[in-house]
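Structure, as structure tokens:
All values below come from the heavy atoms of this structure, side chains included, with hydrogens, waters and symmetry mates left out. The first residue of the sequence shown is numbered 1, and numbering continues consecutively from there. Given the structure is predicted, the values throughout are model-derived calculations rather than measurements.
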Amino acid sequence: MLTIALGGAATVALPAPAWAADDQRPGAYRPPALTPDDRKVIAQVSAERALSHLRVLSEDIGPRIGGTASERRAADYIAKELDHLGYDVQLEPFAVADKFLAQLASPAGLPTDLNWQVGASPHAALDTTVSGDVVDVGAGAPVRRRTIPRT
């Protein structure tokens with residue numbers, strides 16, 4: 001649903017390429033046949049508005065992982081914007097099997113800018129609490145090399 005809403009918002013808010021209004025598209029057989037309604041939409045396209053929406057979604061709301069509060073805030077924001085444009089908007093919730101569950105902090109001694117996110121398997125229980133230590137194993141165990149004699 002969010003993808004469809006974003007596509008609709010992008011269609012209204014994103015600037016069109018220079019050839020989209022009247023010129024023939026690269027590789028097209030003929031130029032577009034634009035109706036007066038098409039021209040009304042083109043006249044309302046705004047790069048500034050598109051960047052404003054992008055800032056809200058990426059900077060104010062942040063990562064929008066399925067099943068999280070931030071995804072809901074993004075959906076509500078997009079629904080509000082589409083409602084202002086005159087669309088009949090209705091949010092329809094659906095189950096998310098790979099729900100985001102947690103964000104892990106970096107263990108002592110590791111860079112603090114690591115972003116480790118934890119999700120559930122579609123076959124796991126979502127009401128289970130797990131805790132434990134995170135161990136830095138570096139590059140892992142040394143690899144034993146085996147020499148195969150040439151014959």
**OP:** List in chain and number order the residues that pass side chain to side chain contact (heavy atoms under 4.5 Å, CB included) with S52, two or more places apart in sequence or in another chain; answer none if no residue qualifies.
**Re:** none
Original post:
For D60, what residues pass the side-chain hydrogen bond (donor to acceptor under 3.5 Å, both in side chains) criterion, not counting sequence neighbours?
Top reply: none
Original post:
Could you state the interatomic distance from CG (L85) to CD (Q44), rounded to the nearest 0.5 Å?
Top reply: 8.0 Å
Original post:
Judged by atom type as modelled, is there a donor-acceptor pair below 3.5 Å linking the side chain of R73 to the main-chain atoms of G62?
Top reply: no
**OP:** In plain terms, say whether K80 and D76 are close enough for a salt bridge, that is, a side-chain N and a carboxylate O under 4.0 Å apart.
**Re:** no
**OP:** Check L57 against R64 and note the closest heavy-atom contact, atom names and distance.
**Re:** O-NH1, 2.7 Å
Subject >> Heavy-atom donor-acceptor pair, S70 side chain to P63 backbone, under 3.5 Å >> reply: yes
**OP:** Mind listing the closest non-hydrogen atom pair of A79 and V89 along with its distance?
**Re:** CB-CG1, 3.4 Å
**OP:** Output yes when D37 and K40 qualify as a salt bridge under the 4.0 Å nitrogen-oxygen rule, no when they do not.
**Re:** yes
